[in-house]
2 protein chains.
Amino acid sequence: MTPTVRTVKIVTIDPDSYEPAYVQLAGLIRAAIDSGELAAGQPVPSEKTLIQQHGVARETVRRAIAILRTEGRVQTLAGRGSYVRGSADEAEIVTLEPGARISSRMPSPAERREFGVSEGVPLFVVERDGHDARIYPADRTILEAPN
Amino acid sequence: MTPTVRTVKIVTIDPDSYEPAYVQLAGLIRAAIDSGELAAGQPVPSEKTLIQQHGVARETVRRAIAILRTEGRVQTLAGRGSYVRGSADEAEIVTLEPGARISSRMPSPAERREFGVSEGVPLFVVERDGHDARIYPADRTILEAPN
DNA sequence: GGCTATTTGTTCGTATGTATA
DNA sequence: TTATACATACGAACAAATAGC
């Protein structure tokens, strides 16, 4: 029987790494999401838990979570926790009009409120000559080019 | 001569406001950008300056800047400062193929490096049946529906 | 309703390291 | 080299939101 060589991912934070601890921690949590270990809708371990498990300060944990929030991968609810964001249950499919130009950018806080989007969710801006621009939240909208 | 009534915007931070100091400060800087007072390419006042001008702690200033960075409105360079981001000098106009479906999301750090985009810049994901998805950085790409 | 424990939110302080001019 | 500016990371305290009883 030949020995088996396996690659095991290191799941600890290396304080001597060139990579900041909070970036490493964000990577660990992101990997857990990508692997399905943390499924959509499930809570990320609490700040306290992550502090104890990884032996880092609260700020380090909060910055890691903040990264995932700005990536749109988790949503944080005050007093409750951070939860893995999934694909929207229902996405509106908007068929573009010929010649429409589409850009995408992040919303201001006011726009976040107006369109009801959480952090890390971009906006579509659809413009056509002679018309006002229309804006769609990118987490609930799929644009489709006309046939 | 009738008296003139003007609305003067308060440009100070109110510690008693329900709105966190760092959100207020981000709003002040955002307003300065929108008004043209801080034009594209210009540096935002340094952390030290903002600390002194507004009488807040460094973290408060850093969080305000971080908000604007995740909105894609400023870019921060270590050891130099934060600079107002303008529209890209050159945007590639990509004409969509019929039936293409477009979504938009924030990049992971790896994708940020791969596509050379800074914080706060979304990605376009363009998919068509039978093809691999194509990805474009939203700060240098405008999609156009075919005529 | 009220109380308590948990969890996240905000804000200060301090120290050290890295990058730039 | 020195000064300036941003980056990381620890600690601490209190506020606010939430959930369970």
Determine whether a donor-acceptor pair (one donor, one acceptor, N or O, separation below 3.5 Å) exists between the side chain of [X] and the base of [N].
| X | N | value |
| --- | --- | --- |
| B/Arg58 | D/dA7 | yes |
| B/Arg63 | C/dG9 | no |
| B/Glu47 | D/dC6 | no |

Round to a whole Å and report the spacing from [atom1] of [X] to [atom2] of [N].
| X | N | atom1 | atom2 | answer |
| --- | --- | --- | --- | --- |
| A/Leu50 | C/dT6 | CG | P | 17 Å |
| A/Gln24 | D/dA7 | CD | P | 18 Å |
| A/Arg80 | C/dA5 | CZ | P | 21 Å |
| A/Glu59 | D/dA13 | CD | P | 17 Å |
| B/Tyr22 | C/dT10 | OH | C1' | 7 Å |
| B/Arg62 | D/dT8 | CZ | P | 7 Å |

More than 12 non-hydrogen atoms from neighbouring residues, nucleotides or ligands closer than 6.0 Å to CG on B/Asp129, yes or no?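 Counting other residues, nucleotides and ligands, CG of B/Asp129 stays at 12 neighbours or fewer.
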Between C/dA19, C/dT8, C/dT11, which nucleotide has the shortest distance from any of its atoms to the side chain of B/Pro20?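 Output: C/dT11.
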Hey, is the main chain of B/Ala138 close enough, under 3.5 Å, to the side chain of B/Thr141 for a donor-acceptor pair?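 Looks like no, no N/O pair under 3.5 Å.
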